[in-house]
Every structure is written in structure tokens, then in C-alpha cells.
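Report on the following structure.
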Amino acid sequence: MNADAIVVGAGLAGLAAAHELTRAGKKVALVDQENAANLGGQAFWSFGGLFLVNTPEQRRLGVKDSVELAWNDWQGSAAFDRLDDEDSWAVRWARAYVEFAGGEKRSWLSSLGLSWLPTVGWAERGSLRADGHGNSVPRFHVTWGTGTGVVAPFVQSILRAADDGLVTFHHRHRVDELIFDGETVTGVRGKLLAPSDTARGVPSNRSEIGEFTLNAAAVIVTTGGIGANHDLVRRYWPARLGTAPSSMVTGVPAYVDGRMLDIADKSGVRLVNRDRMWHYTEGIQNFQPIWPGHGIRILPAPSSMWFDALGRRLPLPCLPGYDTMSTLRYLRTTPDIASYSHSWFILTQKIIKKEFALSGSEQNPDITAKDRRAFLKERILGKAAPGPVEAFKSRGADFVVASTLDELVAGMNKLTSSPLLELSVIREQIEARDLQIANPYSKDAQVQGIHNSRRYLGDKLGRTVTPHRILDPAAGPLIGIKLHILTRKTLGGIQTDLSSRALRHDGSPIPGLYAAGEVAGFGGGGVHGYNALEGTFLGGCLFSGREAGRAAARAV
């Protein structure tokens, strides 16, 4: 035996599993196809948002939350409809996760040194139904340090364990096969890849220079999803979402390739809910790409106006920050716009200054560096949008800035192969919306949402601008942003029980094999169901990785 346990994948779920194993005194072989610079995986690049329930941060802002309310939101969002089969374990994972988010999650992470911004974000506000998709209250807790801050204590734990002789690193080892002894998994086999000195996130070579075999009493698969593999995204794109876009931008590094899903499938592991996936509709091209097709997601608050490729305002609940999957479905299934791969935001400088954030640790240097003074100066007291947002406004290929609507629409039409937008149609819709701003009440649902948002202190202070007319010159200049579909998360995967044990097609556990993180649908093969409440991806890696590590430690 090379170790007590092999962890395949050095992302957040793998690190959480290895953390628990080494705390129990077990020896771990940590295997990853990338080099040491990529320790922490794609979580390193994230905004660091965590779904937490009934926290001190919420209570200080007057938010009343509870596990009961969160569970109602989760069920309405997940819409589990395969309870006797593919969702049978997912729904149990979901209940356990909500209780974790409202229980020891915050104290556990706090004990590891994590802390959060004092303002709580209100992501995925939902389908406008009490029993439907969405967060009833703000629950998006951004970690000081962003994704790098979430990853850091687990990296430190693993490095300390390596110094103590409990962890061996096997970078540039690509797993191609699970090894069985009878019905029990006893190790992994694969190819040794040529050394690579590429920086974090930059694609590395796939030159094979040898083979390897590792053996252990337990194998934990934590290799992530399919977000960078557009062929797999298209293969499993569900009919309910229409057709996949002809072009997409990519929200994860190239190594998020989904290889281990098919390898597990061929080994007799049960994969479920492969038609469930999560892609954002507010992607923009990165003018400083790190990986191929690198896209960044805009994290919008509620004031930007959203138009389809032909210049028509999107219907409810397709509002900025409300219902990602409903918006994706509308854009991909409406016959006269499904052939286009983009939509548009139209907004003002006043809106972008206060409401725009960009997802990613590198796009939020003040929070990533835990620089509270810079955060206050730039995001609360600043007279411009945060620096990275202003950089995209001036350098991003998808941004148009103009002083008049005529100039704006003309510039937007230059970003498509043919002019699709009619100035009169755009103007009519904006002017109709602007007429609704004169009163603190409105028949326009988006304007109602703006007023509702500003009733929450956190949004009023730092996330939702005072209602104003889009065509008010004092709020300008005007800004148009071409939005792309951005690939991101896999919501299905390896079916596991509550101990993260991988299951066979007959539902029985495979001795010696565990799965956690995105490759397991963040637990049970699909803990999110059809929708996610945001802040649940990192938390899903942490929770399922922790459970896998603890279960494997008990077993070996």
C-alpha cells in the first residue's frame, strides 16, 4: 500500500477530504494531473461566496433567516422529481447540507480562520414565487480573501501534514483507471505527464512520459465537473434548455475536463442527473485571459435593463440577479432568438459604479488581499466603479460607452455580424421604464424589485443604486454590455450515500470508493436539483469533501 487513502484531485473537495484524513492520522496520496501551482483547483479563482443560514452577519443587518425558510427555498429551487431513483440520495444530501449551513458550517470554518464581509449578498432572488426558486433573504457571505481565502487553511493543513509525513504529492499524475480487487477498489492507475512549469490556471501539456500505479485502502474521487469541456456540455445539454449556444465563454480552467466521470462510469459506478448543469447568462470575454476562452461573470444587482439579441426586454423572472436557469431557458428556447448566443445589458455609469461586481478572486484584489481600508474606499466611498470593473468598461470587447442612446445602439450593432437592434424599439422600452421612476411605487416588476432591494440595508449601502432614469444625462454615460453564456458547473455526477461512498448501478456501495465535490454533484449525485441558490458550490465541496474524508478515515 502506498497510503491509507488516495485522493484524486487537488481542488477544494480533495483538500477538505485530505484535511480530515490527516487529522485522523491517516496517510494520504494526493494525486492531480496539474502541477503544484494549481493546488486548490478552480475554487482558488472563485469570489469566495458561501451559503450560510441565520448568521450574526445577517442578524446585524436585520435579516430574519432560519433552517426552515432555507429548506423551503432549497426544495422550491431544486424541484426534485426523481425521488425514487436519481434524486433518492440527493434530497437527503440537500437536507443535511441546509442543516449544516444553518448549524456548524460557520463555526467550523471560523475555527479554521475564515471570516466574512459585514454585508451579506442577495444572490438568486428567484422566480417571484414563495414556493419557487430563489433565496427569500440574503445568504451570500463573501469570504475575506475570496476563493483564495477559502482554500488557504486547507492548503496550509495539507502542507503541514506533508511535513509530518502524512501526505505525499503526486502532481502531473493523470488517473485513467480505477483498480479493483474483486468488487473492492484498491487503487488507481494512469499516465505520468511531462513536467510543466505553467502558472496557475494556464493550460499544461499532456505529453505522456510513463505510467504509474498507486494502491490504498480507500480512493476518493474529487476531480470536478465538465465546465471546460464544451463537447461534454453539448453532449448532455438537456432538451428543456433548447439547444446549446454556438459559442460560449468558459468560466473554469481547461483541466475541468470531466474525464473521471466517464472513467467511473466504465468502472460500474452509477452516474445520475447528467442533464443538470449550471451556466451563467451574464458572461463577458476576459481581456486578459488565463485559460482558453476565459470568461468572467458579471454579478449584477437589480437595476440594469436586460434585452435579448433583437432588442426586446426580457420577461419575468429574467431579471438581473434573479433566476439564472429561467433566463438561460428563455434565451435558448425562444424561437426567433435561439440562433443567437448573446443578450444585452443597458445601464448607466451610476448603476455600474454601485451595482457591478465581477466574479473571481483576481477581479476583486481588495477583498482577496483582505484590505478592509481599500474595500471601504473603493466600494463604499469611491466615485467610480471598482478598478477591475472600470478596466473592463474601457478595455473589454463586450462594452460600449456613449453619451446618447443613438450612439450607444449604433455601437452595440457594431459588435454583431449584422445590425439587429432598432433604436426606436430600444428607446420606447427605456422611456416606458423611466416613467415608472417618478414614484416610490410602480407597476413595473423590476422597479418594484429595486425598491424591495433598497429596503435591505446591505443592498442600500453598497449594492443597489438609488432609482433613476436610464436616460437621465446626469446618470451617464450610457453603457451597453454584450452578454455571453458562460459555462461553469455540473449539477449531476457520481451517486453517493451520506458517507460519500460511490454506488453501483444497483444502488449498493462500492467498497473502497468515495466521491465528493462537483464530480459527485456536490453530494448524492445532484444536491442542487435543477437550480442552485448560490454560495452553495464552494460549500458543497467543503461539506461533501469533509464527509468523504471522515468516512474513509473511519473505514481504514
Side-chain angles (χ1 to χ4, degrees), residues 1-34 41 89 158 161 166-192 211-225 257-271 493-505 508-525 541 544-556:
M1 291 300 210
N2 300 98
D4 295 313
I6 297 167
V7 175
V8 184
L12 184 58
L15 295 181
H19 171 75
E20 295 297 329
L21 283 158
T22 56
R23 285 182 68 248
K26 308 301 180 182
K27 292 186 176 180
V28 176
L30 189 58
V31 181
D32 196 276
Q33 64 182 343
E34 298 304 319
W89 283 104
I158 298 312
L166 292 176
V167 172
T168 55
F169 294 103
H170 300 268
H171 295 294
R172 305 295 291 156
H173 285 60
R174 188 190 68 201
V175 172
D176 298 322
E177 180 186 352
L178 297 172
I179 300 173
F180 282 79
D181 182 0
E183 296 186 344
T184 302
V185 171
T186 59
V188 296
R189 184 178 292 120
K191 296 294 192 295
L192 181 64
E211 299 180 346
F212 74 92
T213 299
L214 292 170
N215 296 287
V219 173
I220 305 177
V221 177
T222 64
T223 49
D257 54 19
R259 290 184 69 257
M260 278 303 299
L261 285 164
D262 285 340
I263 291 169
D265 186 35
K266 292 175 182 178
S267 298
V269 180
R270 189 177 192 220
L271 271 59
I494 296 173
Q495 192 173 43
T496 60
D497 64 13
L498 287 177
S499 294
S500 291
R501 296 183 299 177
L503 306 181
R504 297 188 182 90
H505 291 280
S508 61
I510 300 173
L513 184 63
Y514 303 79
E518 195 174 350
V519 76
F522 302 90
C541 288
S544 61
R546 188 179 85 149
E547 295 308 301
R550 291 182 176 183
R554 291 192 298 268
V556 302

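Since this is a predicted model, take the numbers as computed values, not measurements. Along the sequence shown, the residues carry numbers beginning at 1.
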Open item on the list: Just verifying a value: how many Å separate D257 CG and T223 OG1, rounded to the nearest 0.5 Å?
Closed with: 8.0 Å
Open item on the list: What verdict does the side chain to side chain contact (heavy atoms under 4.5 Å, CB included) test give for H173 and L192, after you've listed the backbone C-alpha separation in whole Å, the side-chain angles of each residue and the deciding distance to 0.1 Å?
Closed with: CA-CA 5 Å; H173 285 60; L192 181 64; 3.3 Å; yes
Task: Nearest heavy-atom neighbours spanning I510 and E183 - done: CG2-O, 3.8 Å
Open item on the list: Using every non-hydrogen atom in the two residues, find where A552 and A218 come nearest and quote the distance to one decimal.
Closed with: CB-CB, 4.2 Å
Task: Closest non-hydrogen atom pair between T496 and A520, with its separation - done: CG2-CB, 4.2 Å
Task: A264 to L271 - nearest heavy-atom pair and separation - done: CB-CD1, 4.4 Å
Task: Under 3.5 Å donor-acceptor, S508 side chain and R504 backbone - done: no
Task: Sub-4.5 Å side-chain heavy-atom contact between L503 and V269 - done: no
TODO: Measure the spacing between CZ of R554 and CD of E20 and express it to the nearest 0.5 Å.
DONE: 10.0 Å
Task: Atom pair CG (D32) and CZ (R174), whose distance is rounded to the nearest 0.5 Å - done: 12.5 Å
TODO: Just do the side chain to side chain contact (heavy atoms under 4.5 Å, CB included) check on I220 and L21 with the steps written out, would you?
DONE: CA-CA 11 Å; I220 305 177; L21 283 158; 3.9 Å; yes
Open item on the list: I need the E547 CD to R501 CZ distance, nearest 0.5 Å.
Closed with: 13.0 Å
Open item on the list: Any non-hydrogen side-chain atom of D265 less than 4.5 Å from a side-chain atom of H505?
Closed with: yes
Open item on the list: For a 4.5 angstrom cut-off between non-hydrogen side-chain atoms, does L178 reach L513?
Closed with: yes
Open item on the list: Measuring from atom OG1 of T168 to atom CG of L30, what distance do you get when rounded to the nearest 0.5 angstrom?
Closed with: 8.0 Å
TODO: Name the orientation class of the two ring planes belonging to F169 and H171 (parallel below 30°, tilted from 30 to 60°, perpendicular beyond 60°).
DONE: parallel
Task: L214, V185, T186 screened by side chain to side chain contact (heavy atoms under 4.5 Å, CB included) with V219, the one that passes - done: V185
TODO: Report yes if the side chains of L166 and K27 come closer than 4.5 Å at any heavy-atom pair, otherwise no.
DONE: yes
TODO: Determine the minimum heavy-atom distance between G187 and I6, stating which atoms define it.
DONE: CA-CD1, 4.0 Å
TODO: Return yes if some donor-acceptor pair links the side-chain N/O of S544 with the main-chain N/O of G517 below 3.5 Å, else return no.
DONE: yes
Open item on the list: As an exercise, state the distance from CD of Q33 to NZ of K191, rounded to the nearest 0.5 Å.
Closed with: 13.5 Å
- [ ] Kindly say whether N215 contributes a backbone atom to a donor-acceptor pair with the side chain of N2 at under 3.5 angstrom?
- [x] yes
Task: Within-4.5 Å side-chain heavy-atom neighbours: V188 and F212 - done: yes
Task: R259 side chain reached by D176 side chain, heavy atoms, under 4.5 Å - done: yes
TODO: Taking all heavy atoms of A3 and all of V28, pick out the closest pair and write down the distance.
DONE: CB-C, 4.0 Å
